[in-house]
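As the structure lists them, so they are numbered: ligands from 1, and atoms in each ligand from 1.
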Amino acid sequence: MATADALRVNGLAAGYGPVQVLFGVELRVGDGEMVAVCGPNGVGKSTLLRVLSGLTAPSAGSVALYGHDITNDITNVAAAARVRLGLSTVVGQAAFGSLTVLENLRLFGYQTKKPQKSITAALSVFPRLHERRDQLAATLSGGERQMLALAKTLIQQPRLLLIDELSLGLAPVVVGALVEMVRRLNRAGTTVVVVEQSVNVALSLVDRMLFMEKGAIVAEHSAAFLQAQPQRLQSLILGGHS
Ligand SMILES: Nc1ncnc2c1ncn2[C@@H]1O[C@H](COP(=O)(O)OP(=O)(O)OP(=O)(O)O)[C@@H](O)[C@H]1O
């Protein structure tokens, strides 16, 4: 029997109060794939991730995670179900600022079978975080906070990881380390959907790129195709999908 898609989105519409942002998003991500969602500011990329994460309710359409319909699951119980289905989101370098790096990791590790082992393993991947393990998360740099967010996902070992802006505001050397980490998660079996402003970062990371315009996905290509067709890439970046 064929494995269900990691993610399947049909005709998704959503917005904020009277303002509609998503207009019939269609999306299919295979198990083990890495895809990037690109597009100009304000087209709805983060809103799409918010709906997939259960933070914003859709007004139409459907979302299925590994064959399970989760379209209207926005309650706490449903959030737990999403976690059980293996969904994890890295957004806005979120961490509890008044807790140390180690305390933040312990919070995420408590549900795992061997929390100390998984925390030690995650810290070994990020020596910089290890050095700062007793520092309050609020005082970390942007790159260090992004490392902490990824270290948490290493502990959780999600099946599907959603990342909102991996590279935003970070130095190239830090971005390079984070890209390598995401690749490593993917090689270990995690499916990845990343919203990324930097097309170069997206190209260097993913298998497939999706382009959004005005609340819908208007084009998709393999990263290999776009690397070989810089003119096509340029027109997509500039917003010309035809
Ligand atoms: N909480 C909110 N309330 C009202 N409008 C919102 C809210 N969040 C986002 N929007 C609006 O929805 C639209 C899409 O925003 P979204 O953050 O999804 O875009 P984006 O493609 O991720 O943009 P960027 O690349 O700039 O982060 C924007 O016009 C934004 O102003």
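Closer than 4.0 Å to atom 30 (C) of ligand 1 lies none of the heavy atoms of the protein.
Residue contacts with ligand 1 leave out G39, since none of its heavy atoms falls under 4.0 Å from the ligand.
Under the 3.5 Å distance criterion, with hydrogens and angles disregarded, a donor-acceptor pair is assigned to the side chains of Y16 and T47.
For atom 26 (O) of ligand 1, the closest heavy atom belonging to the protein is N41 ND2, 2.9 Å. Annotation: atom 17 (O) of ligand 1 to nearest protein heavy atom, S46 CB, 3.6 Å. Considering only non-hydrogen protein atoms, atom 23 (O) of ligand 1 sits nearest to G42 N, 2.8 Å. Atom 16 (P) of ligand 1 has as its closest protein heavy atom T47 OG1, 3.6 Å. Nearest protein heavy-atom contact of atom 6 (C) of ligand 1 is Y16 CD1, 3.2 Å.
E213 has no carboxylate O lying under 4.0 Å from a charged side-chain N of K45, or vice versa, which leaves the two without a salt bridge. Under the 4.0 Å criterion applied to side-chain N and carboxylate O atoms, R183 and E180 are assigned as salt-bridge partners.
Applying the 4.0 Å criterion to heavy atoms of Q197 picks out, from ligand 1, the atoms 24 (P), 25 (O). Residue-ligand proximity, V43 to ligand 1, at heavy-atom distances under 4.0 Å covers atoms 19 (O), 21 (O).
In this structure, the side chain of E196 engages the main chain of L166 through a donor-acceptor pair within 3.5 Å.
Expressed to the nearest 0.5 Å, how far NE2 of H130 lies from CD1 of I119 amounts to 11.5 Å.
For ligand 1, one of its N or O atoms has an N or O atom of K45 under 3.5 Å away. Distances between N or O atoms of V21 and those of ligand 1 include no value under 3.5 Å.
By the criterion of a heavy-atom distance under 4.0 Å, neither the backbone nor the side chain of M212 is placed next to ligand 1.
Both the sub-6.0 Å distance and the 45° axial angle are not jointly satisfied by R232 relative to the ring of F225.
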